[in-house]
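Structure record follows, encoded as structure tokens.
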Amino acid sequence: MTARARAHTNIALVKYWGKKDRQLIIPQTDSLSLTLDQFYTDTAVDFRDNLDRDHLIVDQKEFPATKLGKVTRVLDRVRELSGERRYAVVNSTNHVPMAAGLASSASAFAALAMAASHAAGLDLSRRDLSRLARRGSGSATRSIYGGLVEWHAGHDDLTSYAKPVMEKVNFGIEMLAILIDTQQKKVSSRGGMELSVKTSPFYPTWREIVADDMVAMKRAIARQDIDAIGHLAEENAMRMHALTLSADPAFTYFAAETIQAINLIKNLRENGLNCYYTMDAGPNIKLIYNQQDRAQIIDQLTPLFGRDRLVVAQPGPGAHLLKN
Ligand code: PMV
């Protein structure tokens with residue numbers, strides 16, 4: 001049986017940056033994100049007779065057998081849970097407004113977890129789907145749910161899963177991505193976080209910061225306070241990036257235009273337009289603001305970056321099955 005699923009990517013407001021267990025991808029800390037409508041992955045999985053290994057096709061290109069590591073890890077877990085013995089063909093299409101470099105592994109592995117488990121005849125709860133997606137990529141854990149989502153770090157496979165904080169988000173929060181550099185990142189999130197955990201003297205403090213930020217962020221969400229959410233997300237992101245600068249060897253995801261964007265956002269704020277920023281393991285900036293200010297924000301960003309490098313995204317849905 002072929003099963004097809006769609007999952008949307010998410011952007012963390014309280015970041016995940018470090019693993020406790022590399023194999024199972026158990027994080028050092030909790031994290032919290034917003035699932036977005038604009039970026040998603042559609043994946044079909046088909047367990048077939050007569051295959052001697054798994055196959056992965058992404059955007060119509062077949063991946064070399066040596067590059068299937070994480071996909072195989074998820075499929076192996078599905079085979080283990082279901083008793084399915086055959087190999088699978090995984091066919092995935094990324095939907096991004098353009099070659100955005102924002103197609104994160106989050107949507108890919110959440111869609112894979114849902115499609116593969118159904119193709120093997122499993123009917124997992126969303127919690128168990130999030131645990132399965134986690135085996136492929138940490139951030140994928142959260143993409144099983146829509147809206148605002150928390151990944152509870154836990155301490156083992158059973159206790160590390162996502163849960164919804166607010167699935168229907170309709171208080172006006174919106175994100176706008178500035179596409180600064182759409183090339184593949186130079187330091188992978190996996191390598192970057194590992195180096196940060198091992199070598200940044202600030203890592204223990206980061207863990208304390210995240211614990212406090214999780215409490216404050218959930219309170220801000222309950223109040224539907226976009227300014228407090230944006231402020232906390234910005235501060236959290238910069239503290240995460242301080243871990244990269246304080247690692248040995250030090251590294252950074254900032255590009256020159258990243259700093260320009262940050263300066264512009266601060267300027268807008270000083271002039272009374274409330275908007276905040278976050279960034280991940282790459283130089284792109286994502287603004288957080290109230291949708292009523294969208295037009296003004298786009299007007300201000302366009303002269304510097306050009307309208308076609310600005311992508312507006314709204315809260316999006318959780319992973320779901322598609323009809324074949
Ligand atoms: O799970 P990964 O490898 O996609 O790492 C995600 C790391 C960040 O995007 C920087 C933070 C996060 O919580 O999504």
Side-chain angles (χ1 to χ4, degrees), residues 7-36 39-41 69-71 73-74 94 96 100-113 130-145 148-153 160-163 165 175 177 184-197 200 203 206-207 209-211 213-214 217 232-245 247 251-254 258 277-286 288 313 316:
H8 293 249
T9 197
N10 70 75
I11 298 295
L13 300 170
V14 178
K15 306 290 183 194
Y16 143 61
W17 196 248
K19 297 176 178 58
K20 265 195 300 230
D21 181 320
R22 266 164 55 188
Q23 209 49 40
L24 291 172
I25 313 196
I26 310 297
Q28 289 270 354
T29 63
D30 296 347
S31 57
L32 194 153
S33 59
L34 179 64
T35 301
L36 298 179
F39 312 98
Y40 59 91
T41 303
K70 295 183 201 163
V71 167
R73 198 150 73 193
V74 173
N94 287 310
V96 288
L102 288 176
S104 82
S105 55
S107 55
F109 285 103
L112 176 67
S130 79
R131 291 172 50 222
L132 178 60
R134 196 197 69 229
R135 305 248 179 168
S137 139
S139 53
T141 314
R142 299 182 306 240
S143 269
I144 295 297
Y145 293 98
L148 290 153
V149 186
E150 169 183 6
W151 176 12
H152 176 64
S160 187
Y161 54 80
K163 54 187 182 195
V165 172
M175 277 194 185
Q184 192 110 38
K185 47 200 171 199
K186 289 180 188 73
V187 183
S188 69
S189 50
R190 186 211 266 186
M193 61 178 82
E194 202 172 313
L195 192 64
S196 303
V197 175
S200 170
Y203 201 83
W206 165 251
R207 292 169 48 153
I209 287 167
V210 173
D213 284 356
M214 286 296 294
M217 187 62 84
L232 278 164
E234 184 175 305
E235 200 173 60
N236 180 273
M238 290 306 100
R239 288 173 179 180
M240 178 200 115
H241 287 277
L243 297 172
T244 75
L245 293 170
F251 64 103
T252 185
Y253 294 108
F254 281 76
T258 312
Y277 60 90
T278 186
M279 65 182 281
D280 295 288
N284 299 324
I285 284 284
K286 295 105 185 179
I288 301 160

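Ligands are counted one by one from 1 in listed order, and the atoms in each one are counted from 1 as well. Positions are given from 1 along the sequence.
Near A12, the atoms of ligand 1 lying under 4.0 angstrom from a non-hydrogen atom of the residue are 12 (C), 13 (O), 14 (O). Remark: ligand 1 atoms within the under-4.0 Å shell around heavy atoms of S139 are 1 (O), 2 (P), 4 (O), 14 (O). For ligand 1, the atoms lying closer than 4.0 Å to a non-hydrogen atom of G138 are 1 (O). Listed by number with element, the atoms of ligand 1 under 4.0 angstrom from any heavy atom of W17 are 10 (C). Close contacts between ligand 1 and S137 involve ligand atoms 1 (O), 2 (P), 4 (O) [criterion: under 4.0 Å to a heavy atom].
Polar contact with ligand 1: present for Y16 (N/O pair, distance under 3.5 Å). Checking only distances, S31 never comes within under 3.5 Å of ligand 1, N or O to N or O. Considering both main-chain and side-chain atoms, S189 comes within under 3.5 Å of ligand 1 through a nitrogen or oxygen pair. Some N or O of R142 is nearer than 3.5 Å to an N or O of ligand 1, by distance alone. Polar contact check, V14 against ligand 1: no nitrogen or oxygen pair lies under 3.5 Å apart.
Side-chain polar atoms of W151 and S160 form a donor-acceptor pair below 3.5 angstrom.
Note that the CD atom of E235 and the CG atom of D213 stand 6.5 Å from one another [nearest 0.5 Å].
Not counting sequence neighbours, the partners of R142 by the side-chain hydrogen bond (donor to acceptor under 3.5 Å, both in side chains) test are N10, S31, S33. The side-chain hydrogen bond (donor to acceptor under 3.5 Å, both in side chains) search around S139 returns S137, not counting sequence neighbours.
Environment of CZ in R73: crowded, with over 12 heavy atoms of neighbouring residues, nucleotides or ligands closer than 6.0 Å.
Nearest heavy atom pair, residue T258 against residue M279, reads CG2-SD, 3.7 Å.
Contact annotation for M193 and ligand 1: only side-chain heavy atoms (C-beta onward) come within less than 4.0 Å of the ligand.
Judged by the shortest distance from any of its heavy atoms, S105 lies inside the 4.0 Å radius around the atoms of ligand 1. Heavy atoms of A106 come nearer than 4.0 angstrom to ligand 1 in no pair at all.
Classified by interplanar angle (parallel below 30°, tilted 30° to 60°, perpendicular above 60°), the ring pair H8/Y40 is tilted.
For R134 (side chain) and L24 (main-chain N/O), a donor-acceptor pair under 3.5 Å exists by modelled atom type. A donor-acceptor pair under 3.5 Å links the side-chain atoms of T35 to the main chain of Y145, judged by distance alone.
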